[in-house]
There are 2 protein chains.
Amino acid sequence: MTKSFKEIKQTLLMLQSIDRRVAQNFEKRTGISFTRYEMLHTLFERAQLSQIELQQTLKIDQAAITRHLKILEEKNFVVRNRNKQNNREVIVEITDAGISTLENCDLDKNQFIDELFNGFTDQEIKQLQILVKKLIDNTEMLNS
Amino acid sequence: MTKSFKEIKQTLLMLQSIDRRVAQNFEKRTGISFTRYEMLHTLFERAQLSQIELQQTLKIDQAAITRHLKILEEKNFVVRNRNKQNNREVIVEITDAGISTLENCDLDKNQFIDELFNGFTDQEIKQLQILVKKLIDNTEMLNS
DNA sequence: GAGATATAATTGACGAGTCAATGATTGATT
DNA sequence: AATCAATCATTGACTCGTCAATTATATCTC
């Protein structure tokens, strides 16, 4: 039951293009990289996290996490400390400066999301979410 | 009418993760980069194209196009010649070697698509396509 | 026809994420 | 207790795509 590749190809191409544009445009508007914003936001929601936990949430490589955190630390948006209970782990926390940076982005971020999903009904957003979830579950099986 | 950012954030994160995994896994299976496969496939469908036309189809930067074509040319999968009617343009064509490379990938590619869209109904694939199209239309408005 | 403008391709420098190798710490086995 | 394996973080080398600057050609305008 092989699907029409031509259409699938186009959909995948569009998906990649969307991602790139989202990242580019988000940074242009808010002044902070989309990935680093997501990191900060995740840390804001969940207080203290190890880098592994961040990695699992953001689904990017550990090496990338380390490098982003280095940048966020230089700007004093996060602090990092070894976990005393397990010295292999680094515990990351957002700082007040980090939180206020998040807050400053809020308007631009909301505006951005509104434009990105302009014309979408709640139903469609939910539908997209479901389909994307299904896709990512499938990608998790790909390596076997 | 700001949407629930938490869910949207997650959807966008998943989208990016899907794209990366698709590219990684496709190359691992077929031995050719996903983007370069798409280039070859586009050239196969449409015979002769300028690099600008390729760029518009693949929606990646011109610079990236130039570099991918350099690689494809080194492998003799494509040939490039200046357009005699307009010497600014380079006309790209797929070679027989390029075509047979495409053919060799076919089985792996179909297998890959089947796994990626495993459990999707035709209806769902169509739905995804529509939503993605809507999204990309919105991203095109973002810069204004 | 000469000079300004536009278009196509190329190059270099950059940021992002991946993989593989390394280091440091912890846990398990004997 | 000593070795061996597993886990977490870091680093270097790499690919990919972007942007900005450059070159070459074509088109427009006076």
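In what follows, every chain begins at residue 1, and chains take the letters A, B, ... in the order their sequences are listed. Computation of the quantities below employed the complete heavy-atom set of this structure, encompassing side-chain atoms and omitting hydrogens, waters and symmetry-equivalent molecules.
A salt bridge links A:E124 and B:K134; the closest N-O separation between the charged side-chain nitrogens and carboxylate oxygens is under 4.0 Å. Under the 4.0 Å criterion applied to side-chain N and carboxylate O atoms, A:E38 and A:K59 are not assigned as salt-bridge partners. Look at B:D137 and B:K133 and you find a salt bridge, because one of the NZ, NE, NH1 or NH2 atoms lies within 4.0 Å of a carboxylate O, short of that distance. Between A:E45 and B:K9 there is a salt bridge, since a side-chain N of the basic residue sits under 4.0 Å from a carboxylate O of the acidic one. The existence of a salt bridge linking A:E140 and B:R21 is confirmed by a sub-4.0 Å separation between a basic side-chain nitrogen and an acidic carboxylate oxygen. Using a 4.0 Å cut-off between charged side-chain N and carboxylate O, A:R80 and A:E73 make a salt bridge. The residues B:R46 and B:E93 are annotated as not salt-bridged, no charged nitrogen and carboxylate oxygen being separated by less than 4.0 angstrom.
Contact annotation for A:A23: no contact, since no heavy-atom pair falls under 4.0 Å across all strands. A:R67 comes within contact range of at least one nucleobase, with a heavy-atom separation under 4.0 Å. B:R21 comes within 4.0 angstrom of no nucleic acid atom, judged by non-hydrogen atoms across all strands.
Ranking D:dA26, C:dA9, D:dG17 by closeness to the B:A64 side chain, first place goes to D:dG17. Nearest nucleotide to the side chain of B:T35, out of D:dT11, C:dA9, D:dG17: D:dG17. Minimum atom distance to the side chain of A:H68 is reached by C:dA16, of the listed C:dA16, C:dT10, D:dG17. Residue B:R88 places its side chain closer to C:dA6 than to any other of C:dA6, D:dT18, C:dG17. When the nucleotides D:dA26, D:dA9, C:dA9 are ranked by their closest atom to the side chain of A:S50, D:dA9 comes out on top. When the nucleotides D:dT10, C:dT18, D:dC16 are ranked by their closest atom to the side chain of A:Q51, D:dT10 comes out on top. Nearest to the side-chain atoms of A:Q62 among the listed nucleotides D:dA9, C:dT25, C:dA9 stands D:dA9.
Looking at which nucleotide of DNA chain C each of A:Q85 and A:S33 is closest to, the 5′-most match is held by A:S33. Take the nearest nucleotide of DNA chain C for A:N86 and for B:Q16: the residue whose nucleotide is more 5' is B:Q16.
The nearest whole Å value for the distance from the CG atom in B:D61 to the C1' atom in C:dA9 is 11 Å. What separates NZ of A:K59 from C1' of C:dA16 is a distance of 19 Å, to the nearest Å. If you take CD1 of A:I65 and C1' of C:dG15, they are 16 Å apart, rounded to a whole angstrom. Atom CG of B:L69 and atom P of C:dT11 are 12 Å apart (whole Å). When the P atom of D:dC8 is taken as reference, atom CD of A:E53 falls 9 Å away, rounded to whole Å. In this structure, A:D19 atom CG and D:dC16 atom C1' are separated by 14 Å, rounded to whole Å. Straight-line distance from the CZ atom of B:F26 to the P atom of D:dT15: 19 Å, rounded to whole Å. As a whole-Å value, the separation of A:Q24 CD from D:dG17 P is 12 Å.
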Identify the pairs formed between an N or O of the protein and an N or O of nucleotides 2-4 of chain D at a distance under 3.5 Å, and give each distance.
none

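Put simply, A:N87 has no side-chain N or O that comes within less than 4.0 Å of OP1 or OP2 on C:dA24. The phosphate of C:dA24 has neither OP1 nor OP2 within less than 4.0 Å of any side-chain N or O from A:R82. For C:dT10, the OP1/OP2 oxygens have a side-chain nitrogen or oxygen of B:R80 closer than 4.0 Å.
Taking the ring axis of A:F5 as reference, the NZ or CZ atom of B:K109 stays within 45° of it and closer than 6.0 Å to the ring centre.
In this structure, CD in A:Q10 is found 9.0 Å from OG1 in B:T57, a value given to the nearest 0.5 Å.
B:F44 is connected to B:L49 through a chain of hydrophobic side-chain contacts under 4.5 Å among Ile, Leu, Val, Met, Phe, Trp and Tyr, so both are in one cluster. A:F112 and A:L107 fall into different hydrophobic clusters, where Ile, Leu, Val, Met, Phe, Trp and Tyr are joined by side-chain heavy atoms under 4.5 Å apart, directly or via other members.
Rounded to 10 degrees, the angle between the two end axes of the helix from C:dG1-D:dC30 to C:dT30-D:dA1 is 10°, with five pairs used at each end.
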